[in-house]
Amino acid sequence: MTENSEKRVFIRTYGCQMNVYDSERMSESLAKAGYAATDRAEDADLVVLNTCHIREKAAEKVYSEVGRMRQLREQRGKGLTIAVTGCVAQAEGAEIQRRAPAVDLVVGPQSYHRLPELVARAEQGETALVETDFPVESKFDHLPEERSASTGAAAFLTVQEGCDKFCSFCVVPYTRGAEESRPVDSVLAEAERLAGQGVREITLLGQNVNAYHGAAPNGAAGSWNLAQLLRALGEISGLQRLRFTTSHPKDMDDDLLAAFAENPKLMPYLHLPVQSGSDPILKAMNRSHTAAEYLDIIERLRNIRPDMAISGDFIVGFPGESDADFADTLKIVTAVNYAQAYSFKYSPRPGTPAAGVEFHVPEEVKSQRLEALQQLLNEQQLAFNQSCVGRRLSLLLERPGKEDAQLIGRSPYMQSVHVLAPQHRMGQIVDVDITSAGPNSLKGKITMAQKAA
Ligand code: 5AD
Ligand code: SF4
């Protein structure tokens, strides 16, 4: 194929890291079908909008973006295939094309291996292409073998997909389907390949990653849990840091807690959503744990690894949430002392049990509660960052900074740290003395001396 006849794909990714991972895999399989990636929609022959359905705002974004792409197609008078993938595709299916007829094809997360074929059919003029079935075969049967050479020093690796928890506010069990783990052999093979390409840090991904139970390697009977998988990954030379996300409190077993002490490559940072600090609300959310059980996990974690940094997710204004319930959320935040967190106003999602109940919290109350919660979480984040000033931390240099000769890396606790360093140190792990801290990032100086935490 000559340069000129090569087609181009522009992929826009919304939502979680799972979508980031999926977009990279789609980009690779489309590359094999002759589509080079571009970061300019104006140059594209194919646009893929990889969407998120978790909250209403996220889901609505896709329609305005389709509108922009349709305009682009009209302005330039040249063909542009518009594909919608991800969780909005799965949840809304054919409804997307009814609302936005400019969309040529709709492909759910279970059918990405068919994307090149579906794109080819759309280009030949086939319309109303919607592929959202849950096939009987495994979610992990169709992963492409090779990763593109552009992988940086830190990479995501999906090991588990789907969710069986059915929290009453959440669309994930419907859009991503039943929980399934990727076999150990396949995970280790991909991790080895990544390490061979210079990846130093891997984040294992799954909607319920700590429920991992992948088929044991080498045809052995039974399955491995996440702690076992992390142990084997820890033996891959070249790989120096391991993380995993997102976890559910119910699946934080003793093995996994112990891994934070026993596995030297496992970073002292855990994203463990609690959603609310009120037991009646946790019950209504179908979270299957209490506030006390969550706090007990945090306490045991910190006994095992005192410098453990905790991150979380919160929902305010869940139906029926009273002032007293919300006060309990502030209470649990104070008790945990988060290094970082995400918080959201409850957003009713069609088809989820919570959307149908009465006693929805008024919008202005949700806003007030969100503001109060975020103020507390921001104070905690700043205090945590400031507590790192004067410490020596290890840093994986991942990307260039805005200033000359500046690189940005991640600390063990997931903070972004800015340092002065020549470009050729990108991808290396260096020791840094932290000199200052703001709400969202730190500054430091690379040291040649002694090893850091
Ligand atoms: N409304 C608001 N936030 C939600 N989340 C999931 N579903 C909803 C919803 N309907 C949040 C939860 C979850 C995170 C990924 O998004 O906090 O942990
Ligand atoms: Fe959604 Fe709950 Fe499953 Fe997380 S555990 S993906 S919040 S249903």
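In listed order, ligands and their atoms are each counted from 1. All of these numbers come straight from a predicted model, not from anything done at the bench.
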Worksheet item: So, H271 versus Y342, ring centres under 6.0 angstrom or not?
Response: yes
Discussion item. Show me which atoms of ligand 2 lie under 4.0 Å from any heavy atom of N208.
Written reply: 5 (S)
Worksheet item: Which one holds for F169 and ligand 2: side chain close, backbone close, both close, or neither close, with close meaning a heavy atom under 4.0 Å?
Response: side chain
Discussion item. Taking the cut-offs as 6.0 angstrom to the six-membered ring centre and 45 degrees off its axis, would you call R55 and F344 a cation-pi pair?
Written reply: yes
Discussion item. Under 6.0 Å between ring centres: does that hold for Y413 and F384?
Written reply: yes
Fill in: Residue from T290, T329, D325 passing side chain to side chain donor-acceptor pair (under 3.5 Å) with S278
D325
Worksheet item: Applying a 4.0 Å heavy-atom criterion (strictly less than), which segment of F169 is in contact with ligand 1: side chain, backbone, both, or neither?
Response: both
Item to complete: Could you tell me whether R40 sits above the aromatic face of F10, with NZ or CZ closer than 6.0 angstrom to the six-membered ring centre and within 45 degrees of the axis?
Response: no
Worksheet item: For atom 6 (S) of ligand 2, which candidate among D251, V172, I54 provides the closest heavy atom?
Response: V172
Worksheet item: Quick one: which ligand 2 atoms are inside 4.0 Å of a heavy atom on F166?
Response: 8 (S)
Discussion item. Before you tell me yes or no, could you show the steps for Q415 and N385 under side-chain hydrogen bond (donor to acceptor under 3.5 Å, both in side chains), namely the whole-Å CA-CA distance, both residues' side-chain angles and the distance that decides it to 0.1 Å?
Written reply: CA-CA 8 Å; Q415 298 141 305; N385 287 348; 3.0 Å; yes
Worksheet item: Thinking salt bridges, do E363 and K345 make one under a 4.0 Å N-O criterion?
Response: yes
Worksheet entry | Proximity to ligand 1 by part of Q275, non-hydrogen separation under 4.0 Å | side chain
Worksheet item: How far is atom 15 (C) of ligand 1 from its nearest protein heavy atom, and which residue and atom name does that atom have?
Response: D313 OD2, 3.7 Å
Discussion item. Please determine whether C170 has a backbone or side-chain N, O or S atom lying under 2.8 Å from atom 1 (Fe) of ligand 2.
Written reply: yes
Worksheet item: Backbone or side chain, does C163 get an N/O/S atom under 2.8 Å to atom 2 (Fe) of ligand 2?
Response: no
Worksheet entry | Taking atom 2 (Fe) of ligand 2 as the reference point, the nearest protein heavy atom with its distance | C167 SG, 2.3 Å
Worksheet, complete the sentence: Atoms of ligand 2 under 4.0 Å from any heavy atom of P173, numbered from 1 in the order shown, are 8 (S)
Worksheet entry | Salt-bridge present (K165, D251; N to O < 4.0 Å) | yes
Worksheet, complete the sentence: Nearest non-hydrogen contact to atom 16 (O) of ligand 1 from the set R55, H53, H271, K366 belongs to R55
Discussion item. I'd like to check which ligand 2 atoms, numbered from 1 as shown, lie under 4.0 Å from a non-hydrogen atom of H248.
Written reply: 5 (S)
Discussion item. List ligand 1 atoms under 4.0 Å from K345, heavy atoms only on the residue side.
Written reply: 1 (N), 2 (C)
Worksheet item: Would R25 count as a cation-pi partner of Y21, with NZ or CZ less than 6.0 Å from the six-membered ring centre and within 45° of the ring normal?
Response: yes
Discussion item. Applying a heavy-atom cut-off of 4.0 Å, say which part of I315 lies close to ligand 1: side chain, backbone, both or neither.
Written reply: side chain
Fill in: Contact (N/O only, under 3.5 Å) between S347 and ligand 1
yes
Practice prompt. Give the numbers and elements of all ligand 1 atoms closer than 4.0 Å to a heavy atom of R349.
Written response: 10 (N)
Practice prompt. Take F244 and F156, measure what ring-ring contact (aromatic ring centres under 6.0 Å, His included) needs, and give me the verdict at the end.
Written response: CA-CA 9 Å; F244 57 88; F156 294 129; over 10 Å; no
Discussion item. Suppose we measure from atom 6 (C) of ligand 1 to each protein heavy atom; which comes out shortest, and what is that distance?
Written reply: I54 CG1, 3.4 Å
Practice prompt. Could you tell me whether F318 and Y346 have their ring centroids closer than 6.0 angstrom?
Written response: yes
